[in-house]
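This report refers to the structure that appears directly beneath it.
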Amino acid sequence: MSPSKIRFSELVGEQTRAEIFATVLTSGPISRTQLAQRLGLVPSSVTRMLPPLLEHDYLRESDAAPQGRGRPQKMLHVNPDKHIVVGTKIGPAQVSGVVTDMAANVLARAEEPIADCTPETALSAAAALTSRLLSEAPEAADRVLGLGVGVSGHVDSDAGICRYSALLDWNKVDVAGPLREATGLPVVVNNDVNTLVVAERWFGQGRDVDSFAVVTVGPGIGCGLLLDGTLFSGATGLAGELGHLPLDPAGPMCSCGRRGCLEALAGDRAVLRHLQDAGIPCTTIPEAIDLARSPAGGSAQAVARSAFAEAGAALGRGLAGMCNLLNLQKIIIAGEGAVAHDLFGPAATQALEAHAFSTAARDCDIHVDPVRHDLWARGAACLVIRDAVGAAIS
């Protein structure tokens, strides 16, 4: 057998065991038969994959009460006490983090504002937050499995490097190395929206579908993809840069230095620019939301509503392109800006339906989930769990 075939076989084994673990975590206690049905596998494949998970005590099997006169059925469940995990999200204004057990139950959470988002400041804050969180967990030194980190932009997860983030103004920043040195922990780094994809897949609106996107709205427009049950990052971790889809070559300047990106048309700055161009001195999105929802009405409210509708229409065109390309089952709208969905959502839906090809819009369910910061961090912890389960038993 060629080396490439051996590697492919190992990779499939790692992915399948990680998916088995995730399914038991989210649906357990669950029988082997039910597990095979959930994953679309033949029972013999599940039987072949389970022994390392059981032998390494990631999963346990116990008897369930018999139904009627039947024999007791063996039920699989996660051993939550096997390890603890830290997950963090680095944003432009703060670092947030959680400690979870192996069932991704949050044991402790914390947030820390940062004075600036330079790599030195942000990574130092992330390391300090990790130490603070672990100090609250019993016997952490002997049980901690690793640290997961979510950051915006183009992230090379294999190298642990943020290659470029327009939102953070980072370029070729080593994330894993400094954090590994500061904490002494194995570090997994990924795009922050990818961490949300994993969290939604394990605990949220992505549990019932195999192909979905998480699209975050706010200062930037982010996107993470799960395709056929697998987190899709592309050749070098760049997949999902929906915010930098070029929609208008003559449009406003984007944070990436190019004109007319979706982010420049639908992000927070687009809404505020619309208001300021109309002579309305609005400097924050919460102010713009309050103005658009004001019961007083008036011309300022009309301009604010128009600003959100214009941003929503641009977002809808971007979503239509993604649906035409990928034929998704679901799009989850998340991020700080999702709280204004009542203001931009109708225009986004209208544009999506207008520009989607054939049944692409009808095939895709749109769900709004204005997630808390700690869900991003919990997703980063899930990435550590997923990778560790796949690697430790391969």
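Computed from a predicted model, the values in this text were never measured in an experiment.
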Requested in this report: Kindly determine whether S152 and D192 satisfy side-chain contact (heavy atoms from CB on, under 4.5 Å), including the steps that lead there.
Outcome: CA-CA 5 Å; S152 72; D192 55 0; 3.8 Å; yes
Query - Same cluster (ILVMFWY, side-chain, under 4.5 Å), V46 and L59 - result: yes
Query raised in the report: Between the side chains of E287 and T283, does any donor sit under 3.5 Å from an acceptor?
Result: yes
Report summary line: Of all heavy-atom pairs linking L179 and A127, the shortest is CD2-N, 3.8 Å
Query raised in the report: Does some side-chain heavy atom of E336 sit less than 4.5 Å from a side-chain heavy atom of P219?
Result: yes
Query raised in the report: Is a donor on one side and an acceptor on the other found under 3.5 Å between the side chain of Q276 and the backbone of C282?
Result: yes
Query raised in the report: With a 4.5 Å heavy-atom cut-off, do K89 and D374 have their side chains touching?
Result: no
Query raised in the report: Under 4.5 Å between side-chain heavy atoms, hopping through other hydrophobics if needed: is there a path connecting V106 to L25?
Result: no
Query raised in the report: Aromatic rings Y58 and F21: how do their planes relate, parallel, tilted or perpendicular, breaks at 30° and 60°?
Result: perpendicular
Query raised in the report: Counting heavy atoms not belonging to D369, are there more than 12 under 6.0 Å from its CG?
Result: yes
Query raised in the report: Can you check side-chain contact (heavy atoms from CB on, under 4.5 Å) on L262 and L242, steps first, answer last?
Result: CA-CA 7 Å; L262 174 58; L242 179 68; 3.7 Å; yes
Report summary line: One should read off an interatomic distance between C254 SG and D248 CG, to the nearest 0.5 angstrom, of 12.0 Å
Report task. Say whether, by atom type as modelled, one donor and one acceptor occur between the side chain of Q301 and the main chain of S294 under 3.5 angstrom. Result -> yes
Query raised in the report: So, for L272 and A288, which heavy atoms are closest and what is the spacing to 0.1 Å?
Result: CD2-CB, 4.4 Å
**Report entry** Side-chain heavy-atom pair L185, L134 within 4.5 angstrom cut-off
**Finding:** yes
Query - K82 and D57 ion-paired at < 4.0 Å - result: no
Query raised in the report: Quick one: do the D228 and T230 side chains pair a donor with an acceptor below 3.5 Å?
Result: no
Query raised in the report: Is V198 reachable from L238 through a run of hydrophobic residues whose side-chain heavy atoms are each under 4.5 Å from the next?
Result: no
Query raised in the report: Under 4.5 Å between any side-chain heavy atoms of I331 and L319, yes or no?
Result: yes
**Report entry** Ion pair check, E19 and R38, cut-off under 4.0 Å
**Finding:** no
Requested in this report: Output yes when E353 and R362 qualify as a salt bridge under the 4.0 Å nitrogen-oxygen rule, no when they do not.
Outcome: no
Query raised in the report: Tell me, do E136 and V99 make a side-chain contact under 4.5 Å, heavy atoms counted?
Result: no
Requested in this report: Could you check D363, D365, L227, L226 and say which one makes a side-chain contact (heavy atoms from CB on, under 4.5 Å) with L328?
Outcome: L227
Query raised in the report: Which pair of non-hydrogen atoms, one from Q205 and one from E200, has the smallest distance, and what is that distance?
Result: N-OE1, 2.9 Å
Query raised in the report: Say you draw a straight line from CG of N79 to NE2 of H83; how long is it, rounded to the nearest 0.5 Å?
Result: 9.0 Å
Report task. Please round to the nearest 0.5 Å and tell me the distance separating atom CZ of R386 and atom CZ of R17. Result -> 16.0 Å
Requested in this report: Decide whether D116 and T121 meet the rule of one side-chain donor and one side-chain acceptor closer than 3.5 Å.
Outcome: yes
Report task. Take R201 and D210 through the test salt bridge (Lys or Arg N to Asp or Glu O under 4.0 Å) and record every step on the way to the result. Result -> CA-CA 9 Å; R201 174 63 165 172; D210 289 328; 3.2 Å; yes
Query - Side chain proximity check, N194 to F232, heavy atoms < 4.5 angstrom - result: no
Query raised in the report: Would you say the side-chain atoms of R273 pair up with the backbone N or O of A264, donor to acceptor, closer than 3.5 Å?
Result: yes
Report task. Please answer whether the main-chain N or O of G153 pairs with a side-chain N or O of N191 as donor and acceptor at a distance below 3.5 Å. Result -> yes
Query raised in the report: Does V384 reach the side chain of L147, with side-chain heavy atoms less than 4.5 Å apart?
Result: no
Query raised in the report: How far does CD1 of I20 sit from CG of L41, to the nearest 0.5 angstrom?
Result: 6.5 Å
Query raised in the report: What's the verdict on side-chain contact (heavy atoms from CB on, under 4.5 Å) for I280 and L291, showing C-alpha distance, side-chain angles and the deciding distance?
Result: CA-CA 10 Å; I280 299 171; L291 185 59; 4.0 Å; yes
Requested in this report: State plainly whether the residues D208 and K330 are in salt-bridge range, i.e. N to O under 4.0 Å.
Outcome: yes
Query raised in the report: At what distance, to the nearest 0.5 angstrom, does SG of C323 lie from CD of Q329?
Result: 11.5 Å
Requested in this report: Determine whether more than 12 heavy atoms belonging to other residues, nucleotides or ligands lie under 6.0 Å from atom CD of Q350.
Outcome: no
Query raised in the report: Any side-chain heavy atom of V215 within less than 4.5 Å of one from M322?
Result: yes
**Report entry** Option passing side-chain hydrogen bond (donor to acceptor under 3.5 Å, both in side chains) with E61 (candidates K74, H77, R32)
**Finding:** R32
Query - Donor-acceptor pair between T130 and T183 side chains, under 3.5 angstrom - result: no
Requested in this report: Could you tell me whether the side chain of H274 and the main chain of A270 form a donor-acceptor pair under 3.5 Å?
Outcome: no
Query raised in the report: Is Y164 linked to V193 within one hydrophobic cluster, defined over Ile, Leu, Val, Met, Phe, Trp and Tyr using a side-chain heavy-atom separation of less than 4.5 Å?
Result: no
Query raised in the report: Does CZ in R258 sit with more than 12 non-hydrogen atoms of other residues, nucleotides or ligands closer than 6.0 Å?
Result: no
Query - Which atom of V271 lies closest to which atom of A307, heavy atoms considered - result: O-CB, 3.8 Å
Report task. Apply side-chain contact (heavy atoms from CB on, under 4.5 Å) to the pair I385 and T100, showing each step before the final yes or no. Result -> CA-CA 10 Å; I385 295 169; T100 78; 4.2 Å; yes
Report summary line: Tightest non-hydrogen contact, residues A292 and R305, listed as O-NE, 3.0 Å
Query - T26 and R207 side chains, donor-acceptor separation under 3.5 Å - result: no
Report task. Would you kindly confirm whether I84 and V187 end up in one hydrophobic cluster when ILVMFWY residues are joined by side chain heavy atoms under 4.5 Å apart? Result -> yes
Query raised in the report: Sub-3.5 Å donor-acceptor pair from the side chain of W376 to the main-chain atoms of S96, do we have one?
Result: no
Requested in this report: Find the distance between CG (L76) and CD (Q34) and round it off to the nearest 0.5 Å.
Outcome: 9.5 Å
Report task. Considering non-hydrogen atoms only, spot the tightest contact between A166 and S255 and give its length. Result -> CB-OG, 3.4 Å
